[in-house]
Amino acid sequence: MTRIAHVDLDAMFAAVEQRDKVSLRGRPVIVGGVAGRGVVSTASYEARRFGARSAMPTAEARRRCPPGTAFLSPRFAAYRKTSEVVMALLAEVSPLVEQVSIDEAYLDLAAAGHHDLSVPGVTALAEQIRAAIAEATGGVTASIGVGSSKLVAKIGSDLHKPDGLTVAAPGEEQALLRPLPVTRLPGVGPATAERLRRATVHTIGDLARVDLADLIDWFGQAHGSGLFRLARADDTRPVVGEREAKSVSAEETFDVDLTDRARLNAEIDLLATRVGGRLRSGGLSARTITIKVRHHDFTTITRSATRAQPTDDPRLVAQFARRLLAEVDTSAGIRLLGVGATTLADFVQDDLFGTQTPTDDQPAAGDILAGVGPGGGAPGGVRPGEARSGEVGPGEAQSGGVEPGEARSGGIGPGEVGSSEVGPGDAVAGQPSPEPVQPSRPESASGGWRPGQDVHHDAHGAGWVWGSGRGRVTVRFEGPSTPPGPVHTFAVDDPALRPADPPDWRVVASVS
DNA sequence: TCTGGGGTCCTAGGACCC
DNA sequence: TCTGGGGTCCTAGGACCC
């Protein structure tokens with residue numbers, strides 16, 4: 001049954017620019033990064049004639065394209081608006097639309113219940129959709145593929161681009177795929193194509209003759225069996241509507257490689273602010289913070305740490321990212337920095353982790369948190385409390401003198417003074433912050449683990465441990481910026497004490 | 001002027017728990 | 001108190017997509 005359609009806007013970014021600016025029509029247009037290290041997002045079909053392609057360095061596209069070619073920075077707001085017009089239109093065709101990207105979507109035509117799903121029926125419907133898109137967008141064209149599966153629909157939409165339509169009749173699928181190069185299959189990128197080439201597998205027909213065991217051997221279970229099935233046009237993936245975001249990230253490639261630590265930290269703060277802001281606007285919070293570092297030679301590493309509790313606070317994201325970066329050798333030059341947030345929790349957490357005073361916090365059942373500032377090597381200012389108290393930013397309202405065993409969080413202990421690279425007030429240097437970051441207030445380091453009470457982490461560059469249950473726990477902290485501290489023993493309700501997230505800390509804990 | 005930015009999914013090893 | 005297997009979580013990296 002020809003029930004699935006794939007709708008793909010043709011060179012959308014460039015098409016929107018040509019629509020909005022008459023002088024660009026008929027001319028080669030490149031949309032993408034126009035600075036030194038930029039790459040092409042979209043090349044208009046006029047520009048493709050000269051060899052310009054998506055993902056090509058813009059410098060290369062400049063070499064290839066003639067004088068008079070327009071090189072434009074993307075205007076995402078305009079593209080988003082056009083995308084919304086198209087998606088709204090598609091939603092009228094079927095209740096089941098899967099938007100894949102800003103310019104692409106699958107439709108399950110059967111979900112509407114009233115469409116004629118014969119080949120002539122879907123052909124007429126697809127032409128109607130194409131005409132409606134062109135009209136509603138002011139001339140941005142779409143190519144559509146229709147077939148029995150996502151695979152066939154997707155390949156079909158590509159087959160007669162731009163402004164084209166392909167309908168694959170039931171039973172024709174394999175014949176359609178057989179002569180095509182394997183690179184047309186979704187999931188076959190440069191690495192897979194190269195491995196297949198070494199096995200003299202060039203077309204999808206070639207691929208269909210390879211043993212499943214070989215494919216799994218070469219590509220692993222998931223990818224191998226996936227290729228096996230796709231080569232046979234065996235694709236039962238459903239069209240799915242809304243999907244939840246799994247990560248939020250921001251990254252930046254610098255015009256010139258950076259080595260200066262202060263500058264790198266400032267960039268981290270910028271990125272963290274973007275990530276935190278998007279978490280907040282999406283009503284999300286994250287437990288895992290990841291940084292990405294691309295070195296001068298393009299080698300790329302990631303470092304991540306998972307927190308005991310989720311956060312959406314840009315300052316906390318920045319602190320974690322800075323601590324992760326502190327363990328990376330940046331002396332040879334950094335080309336790109338990124339900050340990401342994963343393990344997303346889907347709840348609004350203002351009440352839990354907001355920047356309100358920590359005294360509103362309630363303990364998390366069973367959580368034991370033990371923290372210390374690296375400043376003195378001795379655990380300082382640990383107060384009764386729970387996970388949330390650690391989310392308090394530096395210098396925020398502090399409440400001392402809370403008695404052991406009380407549920408109220410005591411806020412920040414003295415331990416955080418000087419305990420991270422984040423100086424007072426610069427946690428999000430130069431960035432708008434929902435809360436002013438005030439200088440940390442130094443306190444005496446007379447604090448320590450207080451036996452018999454719940455303890456929690458501090459907020460600023462400090463480590464903590466948490467657990468639940470019963471027993472006595474011995475804890476010692478050490479880290480690059482902190483010599484091994486004395487051993488502290490205190491009672492908790494659970495021997496299951498575990499180190500949490502401080503990447504530059506080693507929390508050594510044992511239970512007796 | 002070699003190689004963006006925002007994502008998803010998979011693999012593999014180690015820790016940890018039962 | 002010799003050995004092991006399964007499941008889950010965490011981390012790091014890689015391939016791929018638009």
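The sequence lines fix the lettering, A, B, ..., with proteins before strands; numbering per chain opens at 1. Only this structure's heavy atoms are used, side chains among them; waters, hydrogens and symmetry mates stay out.
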Next item on the list: Examine B/dG4: is either OP1 or OP2 under 4.0 Å from a nitrogen or oxygen in the side chain of A/Arg294? Give yes or no.
Entry: yes

Self-check item: A/Lys246 side chain near B/dG7 phosphate (N/O to OP1/OP2, under 4.0 Å)
Solution: no

Notebook entry, point to check: Taking the side chain of A/Ser247 as heavy atoms from C-beta outward, which of B/dC9, B/dT3, B/dG7 is closest to it?
Noted result: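 Nearest to the side chain of A/Ser247 among the choices is B/dG7.
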
Quick note, A/Ser249 side chain, CB onward, closest among B/dT3, B/dG7, B/dT1 is B/dG7

Practice problem: Enter the distance from A/Arg229:CZ to A/Leu215:CG here, rounded to the nearest 0.5 Å. | Solution: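 Separation between the atoms: 13.5 Å.
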
Residues from [range] lying under 4.0 Å of DNA chain B - heavy atoms:
| range | value |
| --- | --- |
| residues 252-261 of chain A | A/Glu252, A/Thr253 |
| residues 330-343 of chain A | A/Arg335, A/Leu336 |
| residues 32-44 of chain A | A/Gly36, A/Arg37, A/Val39, A/Ser41 |

Would you mind reporting whether [Y] and [X] have side-chain heavy atoms less than 4.5 Å apart?
| X | Y | result |
| --- | --- | --- |
| A/Leu337 | A/Phe254 | yes |
| A/Leu177 | A/Arg184 | no |
| A/Leu185 | A/Ile204 | yes |

Check: Is the number of heavy atoms from other residues, nucleotides or ligands within 6.0 Å of CD (A/Glu194) greater than 12?
Finding: yes

| said: Categorize A/Arg274 for me: base, sugar-phosphate, or nothing, with a 4.0 angstrom heavy-atom threshold over every strand shown. | reply: sugar-phosphate

Protein heavy-atom contacts under 4.0 Å, written 5' to 3' over nucleotides 11-18 of chain C as B (base), S (sugar-phosphate only) or - (none), form the string SSS-SSSS

Item to complete: With C1' as the reference atom in both, quote the distance from B/dC16 to C/dG4 in angstrom, rounded to an integer.
Response: 15 Å

Nearest-Å distance, [atom1] ([X]) to [atom2] ([N])?
| X | N | atom1 | atom2 | result |
| --- | --- | --- | --- | --- |
| A/Gln221 | B/dC10 | CD | C1' | 11 Å |
| A/His296 | B/dT3 | NE2 | C1' | 15 Å |
| A/Gln99 | B/dT8 | CD | C1' | 15 Å |
| A/Leu271 | B/dG5 | CG | C1' | 11 Å |
| A/Leu344 | B/dC9 | CG | P | 12 Å |
| A/Phe320 | C/dC10 | CZ | P | 14 Å |
| A/Phe76 | B/dG7 | CZ | P | 11 Å |
| A/Arg243 | B/dG7 | CZ | P | 14 Å |

Does any donor atom in the side chain of A/Thr311 or A/Asp313 lie under 3.5 Å from an acceptor atom in the other side chain?
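Looking only at side-chain atoms, A/Asp313 and A/Thr311 do not form any donor-acceptor pair under 3.5 Å.
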
TODO: Could you note down all residue pairs passing salt bridge (Lys or Arg N to Asp or Glu O under 4.0 Å) where residues 210-224 of chain A supplies at least one of them, sequence neighbours left out?
DONE: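 Non-adjacent pairs meeting salt bridge (Lys or Arg N to Asp or Glu O under 4.0 Å): zero.
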
So the salt bridge (Lys or Arg N to Asp or Glu O under 4.0 Å) pairs with at least one residue in residues 329-344 of chain A (sequence neighbours excluded) are none

On DNA chain B, more 5' by nearest nucleotide between A/Ala222 and A/Glu251 is A/Glu251

When A/Arg63 and A/Lys292 are each assigned the nearest nucleotide of DNA chain B, the 5'-most assignment goes to A/Arg63

Across all chains, not counting sequence neighbours, the salt bridge (Lys or Arg N to Asp or Glu O under 4.0 Å) partners of A/Arg274 are none

What verdict does the salt bridge (Lys or Arg N to Asp or Glu O under 4.0 Å) test give for A/Asp108 and A/Arg3, after you've listed the backbone C-alpha separation in whole Å, the side-chain angles of each residue and the deciding distance to 0.1 Å? CA-CA 6 Å; A/Asp108 187 333; A/Arg3 66 178 289 172; 2.7 Å; yes

Option among A/Gln319, A/Arg322, A/Arg315 that satisfies the side chain to side chain donor-acceptor pair (under 3.5 Å) test with A/Asp269:
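That would be A/Arg322; it is the only one of A/Gln319, A/Arg322, A/Arg315 passing the side chain to side chain donor-acceptor pair (under 3.5 Å) with A/Asp269.
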
### Query
Is a side-chain donor or acceptor of A/Thr300 paired with a backbone partner of A/Phe298 at a separation under 3.5 angstrom?
yes

In a table with atom names and distances, give each donor-acceptor pair under 3.5 Å that connects a side chain of residues 76-90 of chain A to protein atoms at least two apart or in another chain.
unit_1	atom_1	unit_2	atom_2	d
A/Tyr79	OH	A/Glu17	OE2	2.6
A/Tyr79	OH	A/Arg75	N	3.1
A/Thr82	OG1	A/Arg19	NH1	3.1
A/Thr82	OG1	A/Arg19	NH2	3.4
A/Thr82	OG1	A/Ala78	O	3.2
A/Ser83	OG	A/Ile102	O	2.7

A/Arg64 meets the side-chain contact (heavy atoms from CB on, under 4.5 Å) criterion, sequence neighbours left out, with A/Met56, A/Glu60

Sorted by chain and number, sequence neighbours left out, side-chain contact (heavy atoms from CB on, under 4.5 Å) with A/His296 holds for A/Asp257, A/Ala332

Margin query: My validator wants the stems of DNA chain C: runs of 3 or more consecutive Watson-Crick or G-U pairs, both distances under 3.5 Å, written as range with range.
Written below: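 Correct response: B:5-18 with C:5-18.
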
- Query: Does anything in residues 201-232 of chain A pair up under ring pair (Phe, Tyr, Trp, His ring centres under 6.0 Å), and if so which pairs, sequence neighbours excluded?
  - Reply: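 Every ring pair (Phe, Tyr, Trp, His ring centres under 6.0 Å) pair that includes a residue of residues 201-232 of chain A, provided the two are not neighbours, is A/Phe219-A/His223.
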
Based on the glycosidic angle (syn within 90° of 0, else anti), state the conformation of B/dT1.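 You should classify B/dT1 as syn.
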
Could you check whether A/Arg303 pairs with A/Glu327 (Lys NZ or Arg NE/NH1/NH2 to Asp/Glu carboxylate O, under 4.0 Å)? no

